[in-house]
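Below: one structure, written as structure tokens.
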Number of protein chains: 2
Amino acid sequence: MQKVRIKDIAAIAGVSPGTVDRVIHNRGNVSDKARQRVLEVMQELNYQPNIIASTLAYNRTFRLAIMTPSPKHDTYWELPYSGITKAWNNVKHYGVMIDEYFYHPLLESSFQARAKQVLHDRPDAVLLAAETEKESLDFIHSCLKKNIQCMLINTLLESPDILGYVGQDSFQSGILAAKLLSNVVQKSDYLMIIHAEEHFEQSRHLIEKESGFRQFLEQHGNQKIEQLVLKNHSEDYIRMELGDFISKHGKPGGIFVSNSRGYLIAQALKELDAHCHLVGFDLIEPNIRLLNEGAILYLINQNAELQGYYALMSIVNKCILKKEVPARHFLPIDIVVPENVSYYLDSMHWLS
Amino acid sequence: MQKVRIKDIAAIAGVSPGTVDRVIHNRGNVSDKARQRVLEVMQELNYQPNIIASTLAYNRTFRLAIMTPSPKHDTYWELPYSGITKAWNNVKHYGVMIDEYFYHPLLESSFQARAKQVLHDRPDAVLLAAETEKESLDFIHSCLKKNIQCMLINTLLESPDILGYVGQDSFQSGILAAKLLSNVVQKSDYLMIIHAEEHFEQSRHLIEKESGFRQFLEQHGNQKIEQLVLKNHSEDYIRMELGDFISKHGKPGGIFVSNSRGYLIAQALKELDAHCHLVGFDLIEPNIRLLNEGAILYLINQNAELQGYYALMSIVNKCILKKEVPARHFLPIDIVVPENVSYYLDSMHWLS
DNA sequence: TGACAAATTGTGTGCGAACACAGTATCAAT
DNA sequence: ATTGATACTGTGTTCGCACACAATTTGTCA
């Protein structure tokens with residue numbers, strides 16, 4: 001397994017390094033005879049280009065635009081951004097440059113403005129969180145025309161023009177939540193799904209989680225489901241709503257909270273002295289605390305930091321290292337209990 | 001964030017690149033005045049060495065010895081080896097060379113012979129699976145004397161002389177198994193722990209899993225536990241043993257199989273028409289099949305492929321890239337059900 | 001002040017690959 | 001025979017860094 005260099009191939013094939021280089025990069029101006037010979041020798045010696053030397057010689061820069069909601073306006077996006085940063089630390093020497101184009105998650109005009117900037121700056125690729133469907137599709141199309149590659153993150157948008165997708169599988173995580181609850185509740189009990197988000201109809205992730213949840217239950221015993229939408233996050237409001245709901249419908253066998261606000265519901269239940277099995281999402285501090293206290297039964301985790309990490313790595317692998325990457329990369333859906341939570345916290349400490 | 005080169009620093013500090021180089025590498029023979037000036041400028045421009053160019057210029061080779069049980073004799077070791085190979089694909093350009101010193105897992109003499117070879121060949125580092133304590137400690141000590149770094153994998157051995165450890169936390173996975181079962185069984189039922197391994201007393205992992213399992217139950221309701229050791233893997237034998245056991249003790253509320261042979265027990269239970277909740281280990285094909293059929297309730301997964309991957313990456317990060325790496329790296333303990341199993345299979349497809 | 005050693009600093013080469021450019025060969029047209 | 005066009009090939013420079021070696025400065029003592 002010793003290293004084979006262009007020089008070596010050239011010597012054995014009886015040509016100059018330049019010719020070997022031309023063959024390797026299909027740069028033409030090589031006689032058929034020479035090309036054949038070079039290819040033969042390359043095959044024979046199993047030539048593997050030295051990517052280190054190659055990178056140095058190219059001396060290129062690869063400009064990547066990061067286009068996600070601003071972490072300042074939505075702290076969730078700190079996680080993917082952190083993953084992106086960690087990945088960047090591992091690949092910056094390939095000449096990768098990052099420019100941020102954070103947009104306001106609720107202002108469409110903000111997205112449009114950023115999109116315009118990106119198209120003007122013409123980076124080599126865009127890492128895009130496509131929060132709104134129509135605008136994003138238009139943008140992707142414009143990028144294509146300007147030869148800018150698009151990698152999607154967090155929300156999957158069906159488009160043939162994208163480089164790939166890295167993110168969650170919300171539907172499947174809804175299925176999983178249903179499975180976990182159905183393992184621990186009585187058939188006679190009803191289950192409850194809570195969206196702690198006023199405009200949950202506008203969040204594809206929440207809708208998909210609910211669909212998955214319902215589908216599983218329909219296919220496995222058709223347990224009864226009640227839904228509750230909590231319009232704000234104040235403790236009093238939630239406690240009242242829950243209290244009313246329970247006195248009306250009786251205590252549910254299990255509760256599925258579709259976003260990261262599980263801790264609010266668990267806390268309210270504690271205060272109402274009405275413990276029940278609760279499945280929530282995301283390893284944020286209050287959730288973990290209530291998980292450890294037993295007020296939350298399971299947390300489902302789709303590592304958002306890894307999302308950013310993989311997304312950037314995929315772009316680099318594909319565009320710079322010319323490796324094959326999967327078109328769709330779904331993060332694992334981890335089941336978290338107090339006994340294994342620590343392994344998922346700071347899951348990327350081993351990276352830079 | 002433009003790039004700063006040694007040249008640039010030299011020019012601004014008014015010295016030659018050679019001097020800057022000497023400062024960076026603490027190679028001495030630099031006047032205090034020059035060193036101060038250079039350090040100042042480096043600080044000011046936030047110099048980050050170009051590791052690509054550095055690697056190319058070093059033109060060193062780093063020889064790594066892989067010392068694990070032979071994958072031929074124990075197929076488990078195919079997984080770490082596969083992870084090692086994938087990691088190697090990502091770092092081979094740093095001049096990493098791998099030599100294999102597989103030993104026979106049951107022959108102590110085989111280990112000794114390999115150890116002798118390694119000490120003779122004097123690699124830069126060893127990736128060691130320390131299956132037996134005493135011999136391994138001796139070996140680690142010998143390595144230290146010859147300035148060979150040791151990274152442990154799979155089995156943690158307490159020694160101050162090691163570079164680090166990457167692997168499982170067996171005790172904790174036993175705890176987790178107990179937790180999962182206690183969530184689904186009646187307090188009145190008894191639990192069963194099965195070691196499908198004749199000489200389980202000699203396997204630290206199995207012992208630790210059992211300890212964890214028992215500890216959790218002692219601390220949470222003190223559920224009754226029965227133990228069964230299966231001395232061989234023949235279907236008839238297992239069915240008979242289980243049948244006898246159940247007719248003697250009654251059907252257990254849940255079964256914990258401490259190694260990857262859960263499928264054998266699940267199969268036997270099916271044939272005995274005695275379904276019960278079963279928690280097993282490892283995502284091997286028969287286990288996954290029986291998980292999907294519902295004959296296994298949970299599988300616990302500690303990705304053995306990642307183990308090899310992280311181990312090699314840790315060595316490279318530490319010894320070549322001079323980054324800090326954690327002294328102990330435990331793999332996550334994944335809870336696997338049919339609804340999320342696919343994400344853990346081929347979990348490394350995104351690498352090389 | 002000169003001689004000479006020690007301390008410090010500068011210069012140059014090589015790592016492997018990419019690519020511009022100069023150079024050679026071939027052949028047809030004049 | 002000379003020119004020009006085309007097809008092909010080799011050479012040399014570059015990337016940023018490491019390190020050997022040459023060159024220079026500084027210090028010491030007679």
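Here the structure is a predicted model, which means the values were calculated and not measured. Just so it is clear: chains get the letters A, B, ... in the order the sequence lines come, proteins before strands, and each one is counted from 1.
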Inset, instruction - Could you run through nucleotides 4-13 of chain C and give me one letter per nucleotide, 5' to 3': B if any protein heavy atom sits under 4.0 Å from the base, S if only the sugar-phosphate is that close, - if neither? - result: ----BBBB--
Inset, instruction - Report yes if the side chains of A/P49 and A/S54 come closer than 4.5 Å at any heavy-atom pair, otherwise no. - result: no
Legend entry - Gap between atoms CZ and P, on A/R27 and C/dA20 respectively (whole Å): 7 Å
Legend entry - Below 4.0 Å: OP1/OP2 of D/dC19 and any side-chain N or O of B/H25: no
Inset, instruction - Please name all residues satisfying side-chain contact (heavy atoms from CB on, under 4.5 Å) with A/E78, sequence neighbours left out, ordered by chain then number. - result: A/P71, A/T75
Inset, instruction - Grab the CD1-C1' distance between A/I51 and C/dC15 for me, whole Å please. - result: 16 Å
Inset, instruction - Hey, could you give me each pair passing salt bridge (Lys or Arg N to Asp or Glu O under 4.0 Å) that has a residue in residues 154-164 of chain A? Not counting sequence neighbours. - result: A/E158-A/R328
Inset, instruction - Would you indicate which nucleotide in C/dC19, D/dA18, D/dC15 comes nearest to any side-chain atom of A/D21? - result: C/dC19
Inset, instruction - Mind calculating the distance between CD1 (B/I24) and C1' (D/dC17) to the nearest angstrom? - result: 9 Å
Legend entry - Closest to the A/A57 side chain, choosing from D/dA18, C/dG16, D/dC17: C/dG16
Inset, instruction - State which residues pass side-chain hydrogen bond (donor to acceptor under 3.5 Å, both in side chains) with B/D124; sequence neighbours excluded, sorted by chain then number. - result: none
Inset, instruction - Output the single nucleotide from D/dA18, C/dC15, C/dA17 whose closest atom is nearest the side chain of A/Y47. - result: C/dA17
Legend entry - Any donor-acceptor N or O pair under 3.5 Å, side chains A/E131, A/Y103: no
Inset, instruction - Report the distance from atom CZ of B/R60 to atom C1' of C/dC15, rounded to the nearest whole Å. - result: 12 Å
Inset, instruction - State which of D/dG16, C/dA17, D/dA18 makes the closest approach to the side chain of B/S54. - result: D/dA18
Legend entry - Spacing between A/F62 atom CZ and D/dC15 atom P, to the nearest angstrom: 22 Å
Inset, instruction - Figure out the CG/P separation between B/N59 and C/dC15, and round it to whole Å. - result: 7 Å
Inset, instruction - Provide, to the nearest angstrom, the distance between the CG atom belonging to B/N26 and the P atom belonging to D/dA18. - result: 12 Å
Legend entry - Residues that B/F139 engages under ring pair (Phe, Tyr, Trp, His ring centres under 6.0 Å), provided they are two or more places apart: none
Legend entry - Rounded distance (Å) that lies between atom P of C/dC15 and atom CZ of A/R5: 7 Å
Legend entry - Contacts of type side-chain contact (heavy atoms from CB on, under 4.5 Å), residue B/T68, not counting sequence neighbours: B/I66, B/W77, B/F102, B/A129
Inset, instruction - Go through C/dA18, D/dC17, C/dC15 for me and flag the one nearest to the B/L56 side chain. - result: C/dC15
